[in-house]
Each structure stands twice: as C-alpha cells, then as structure tokens.
Amino acid sequence: MPEIVATTPGLFPLPDWAKDELSDLKGHQKTDLISGDEGEAITDAYERAREEVVSLQTDAGLDRISEGQLRWDDMLAHPLAVHDSVETRGIVRYYDNNNFYREPVVTDDLTADGDVATELDAAAELVDSGLQAVLPGPYSLADLATDEHYGDEAAFLDAVADFLVGEVEQFPDVETLFLLEPSLVESPPEDGTDERASEAIDAVANAVDAEVVTHTYWGPIEEKTYAHLMDADVDAIGFDLVADHDKNVYNVQEYGTKDAVALGVVDGQNTRVESPETIRDRVDWFEAQTNTAYDTVYATTNTETFYLPVNKFEDKLRSLANAATLEAPEADQ
C-alpha cells in the first residue's frame, strides 16, 4: 500500500470576513487589484487570512500545508502580474470558465523578485512540518502571458522558466512543490514546444530540494505531450480523475508514470462533498487499473479551490485528510 498524502494544489477561497474587509480596502476596479506594493492595512488582512487557512489545514489533518495563495488576484498569472517588468492590461478569460485575470504583458527582462518566496517565508513561521509551495508551471505561465520583449516563443518560455528558477532559489525549506500546468491540457504544445515545455519544467524542478509534482487538470494530457512530460525530472505527475479518469489511466497504462503520483480525486469546482471512503475508492481504482504499486499517492482536489464556498472548501479538506488515514477503501458511495 502506498503512502497516501492528503494535500491540495492551493489557491484557496478567501475567508468570508477577509473578502468583505479587503473589498473595502482595495476597491472594486482593475487598478485596485494586488500589484506588489499594497499598504499596511491590506498586508495585515492577508496575513491574518493566511494564518487562518494554515490553521484550517493543520486542524483538518492535511499532510501538506499550502500558503493558500490568497493574494493571487490573477490566479496562476500572479507571479508575473506583480512584476516590475510586466504591464497588466485588459481582462481576459481564465481558460474556459467564468473567471478572469489581468493580461500580463512582459516588456523587459524577467528577474526574480521574491514575491512568492516572501509569502512562503511567512507561511513557514506558521507550519511545523509539511510546508508545500505552489507555483504556476513554466509552460502555463508563458501561455497565460503575452511577450513584447523576448520576441521568440522558445526564448520566452526559457525566460519564464529562468524567472521561476530564481524565485524557487529564494524559497525557505519546503517538503513539496506543486507546479500547476493546466495549459498542457487546455492549450497543448505543438511539436518541438512539447519537448521545450518538459525541459522548462525540468529546470524549475531541479532548482528545489523537495518532492516536485507537475499537476495537470481539466482533462487528460495528449499522448505526445505526456510522453515528453515523462522525461522531466519530477517526482510525480498529477492526473485529473474528476474530469476524465479513463483517458488519464490510458496514458499511464501506455507510457507508465513516476514512482509517485498525484490524483485529483476531489472536485475543486463542485460543492458536493465527497466522502473519505469514496476518495480512497478512487485512489484504489487507479492503482488497480494501472497495475502499479506507487511509493506515494498525493490525494488532492483536481483543480484550485478558490471556486468553492468557504464551508464546502473546509469540508473537502477534512474528507481528504480522513481518506488518507482509512485502513482500507470501501465501496464507492
């Protein structure tokens, strides 16, 4: 039986009190979103909210504790949206859903600015063990951004990867790093780019002394993209079993996977709360279908969780934690 590690891919919903307080402090216009130079009152509100979500995860019994990414107004684009070499312009749709982010337009050299590292430093003071970092993967971050400086797709992807490497090198000690790569599913790389995407992920993974999970979601990865992703030196690849379990299993049956695996077994966008027994049954099903004994299974929500009402988010965390401690899975409910 593998070690079941209960975790999430981060990007949590703000506590209700924080939504109200920050709405008053920040305003309601595009220009009022996080820019990296927010004042003391806003900073204090986010710090209190971070303490709350860290405590919530700890009390629920999660094995990995995320900072929560509560400041990320622009979802995965945040690390670029707050960068001095980036202009945020029009509001664009966040993949194929009803969320939006400011288009980050890179206009100068990308250098590490330590924004995410600073958030992790604050979280590290609250977490005794199991701190987990969350970053957009280099391919997804480049896909969500616009380049007006590097002038070449390959050079831009390399620059984004180098930027993330510089950020990771400033991290405090973390146990796990989740690299979120939904664009590998939603906007699959073309021939040549798929290999570069794998190399970019590899560069970021090799910059940190931690277990690295490349987590994909909103569907299965195309076969050729998956085959190249297997070349990246990561410890686990994440599969969204909520969106499509059969095709994700097929990839593993056909091409194998790492010794560890991340399984999106809880719906991060639907308010229905899965039971611990159902979650473990899904993990057990994947193991049986792939006929593999994994060293570690990261049991997680399939997507970010900022879509959820706070009470449902809390319930899902508890279910994940309880699923990891079950002695044996029961039949699906």
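Just so we're clear, the structure is a prediction, and the values are computed from it rather than from any experiment.
In this structure, Asp158 has no salt bridge (Lys or Arg N to Asp or Glu O under 4.0 Å) partners at least two apart in sequence or on a different chain. For Ala112, the side chain to side chain contact (heavy atoms under 4.5 Å, CB included) partners are Gln170, not counting sequence neighbours.
Closest approach of Leu131 and Pro172 over heavy atoms only: CD2-CG, 4.4 Å. Here the closest non-hydrogen pair linking Pro79 and His83 is O-CB, 3.9 Å. Taking every heavy atom of both residues into account, Leu241 and Arg282 meet most closely at CD1-O, 4.3 Å. Considering all non-hydrogen atoms of both residues, Tyr139 and Pro188 come closest at OH-C, 3.5 Å. Heavy-atom minimum distance, Asn97 versus Arg93: O-NH1, 2.6 Å. Counting all heavy atoms, side chain and backbone alike, Gly256 lies closest to Tyr226 at O-OH, 2.6 Å.
Residue Gln289 places its CD atom among more than 12 non-hydrogen atoms of other residues, nucleotides or ligands, all under 6.0 Å distant. Dense packing is recorded around CD of Glu254, with more than 12 heavy atoms of other residues, nucleotides or ligands lying under 6.0 Å away. Other residues, nucleotides and ligands place more than 12 heavy atoms under 6.0 Å from the CG atom of Asp152. At most 12 non-hydrogen atoms from other residues, nucleotides or ligands lie less than 6.0 angstrom from CG of Asp209.
For the pair Phe306 and Leu14, the minimum side-chain heavy-atom distance is 4.5 Å or more. Residues Pro136 and Leu144 have side chains not in contact (no heavy-atom distance under 4.5 Å, counting atoms from C-beta outward). Inter-residue side-chain proximity for Trp218 and Asp96 is flagged as unmet; no heavy-atom pair is nearer than 4.5 Å. In this structure, the side chains of Tyr298 and Leu263 stay at 4.5 Å or more apart for every pair of heavy atoms. Residues Val213 and Leu179 fail the side-chain proximity criterion, which asks for heavy atoms closer than 4.5 Å. Using a 4.5 Å cut-off on side-chain heavy atoms (C-beta onward), Val265 and Asn302 make no contact. Trp72 places a side-chain heavy atom less than 4.5 Å from the side chain of Leu11. Looking at Thr300 and Pro9, their side chains come closer than 4.5 Å, going by heavy atoms from C-beta outward.
Interatomic distance, CG of Asn248 versus CD1 of Ile221, reported as 7.0 Å (0.5 Å rounding). Note that CE of Met75 is 13.0 Å distant from OG of Ser140, once rounded to the nearest 0.5 Å. One distance of note links CZ of Arg196 with CD of Glu153; it measures 6.0 Å at 0.5 Å rounding. In this structure, CG in Leu110 is found 9.5 Å from CG in Asp162, a value given to the nearest 0.5 Å. Atoms CG and CD, on Asp63 and Gln57 in that order, are 11.0 Å from each other to the nearest 0.5 Å. For the atom pair OG1 of Thr292 and CD of Gln253, the computed distance is 9.0 Å after rounding to the nearest 0.5 Å.
The closest donor-acceptor contact from the side chain of Thr88 to the backbone of Pro104 lies at 3.5 Å or more, if one exists at all. When atom types are taken as modelled, the side chain of Thr176 and the backbone of Gln132 share no donor-acceptor pair closer than 3.5 angstrom. A donor-acceptor distance shorter than 3.5 angstrom exists from the side chain of Thr290 to the backbone of Phe286, with no hydrogens or angles considered. Checked by atom type and distance alone, the side chain of Glu167 pairs as donor or acceptor with a backbone atom of Val116 at under 3.5 Å. A donor-acceptor pair under 3.5 Å is absent between the side-chain atoms of Asp74 and the main chain of Ala77, judged by distance alone. Side chain of Asp295 to backbone of Ala260: no donor-acceptor contact under 3.5 angstrom is found. A donor-acceptor pair under 3.5 Å links the side-chain atoms of Lys316 to the main chain of Asp267, judged by distance alone. Remark: the backbone N or O of Glu186 is not paired with any side-chain donor or acceptor of Ser183 at under 3.5 angstrom. Side-chain N or O atoms of Asp194 include one that pairs as donor or acceptor with a backbone N or O of Gly192 at under 3.5 Å. Side-chain atoms of Thr325 come within 3.5 Å of backbone N or O of Asn322 as a donor-acceptor pair.
Between the side chains of Asp202 and Asn206, a donor-acceptor pair is found at a separation under 3.5 Å. Tyr294 and Glu287 are not linked by any side-chain donor-acceptor pair at a separation below 3.5 angstrom, with hydrogens and angles left out of the test. Thr146 and Glu103 share a side-chain donor-acceptor pair at under 3.5 Å. Side-chain atoms of Thr58 and Ser55 include no donor-acceptor pair closer than 3.5 Å. A donor atom on one side chain and an acceptor atom on the other are found under 3.5 Å apart for Asp115 and His78.
The aromatic ring centroids of Phe313 and Phe12 lie less than 6.0 Å from each other.
A continuous path of hydrophobic side-chain contacts links Val252 to Met230 [ILVMFWY only; heavy atoms under 4.5 Å].
Partner of Tyr217 under the side chain to side chain donor-acceptor pair (under 3.5 Å) criterion, out of Glu304, Gln269, Glu181: Glu304 alone.
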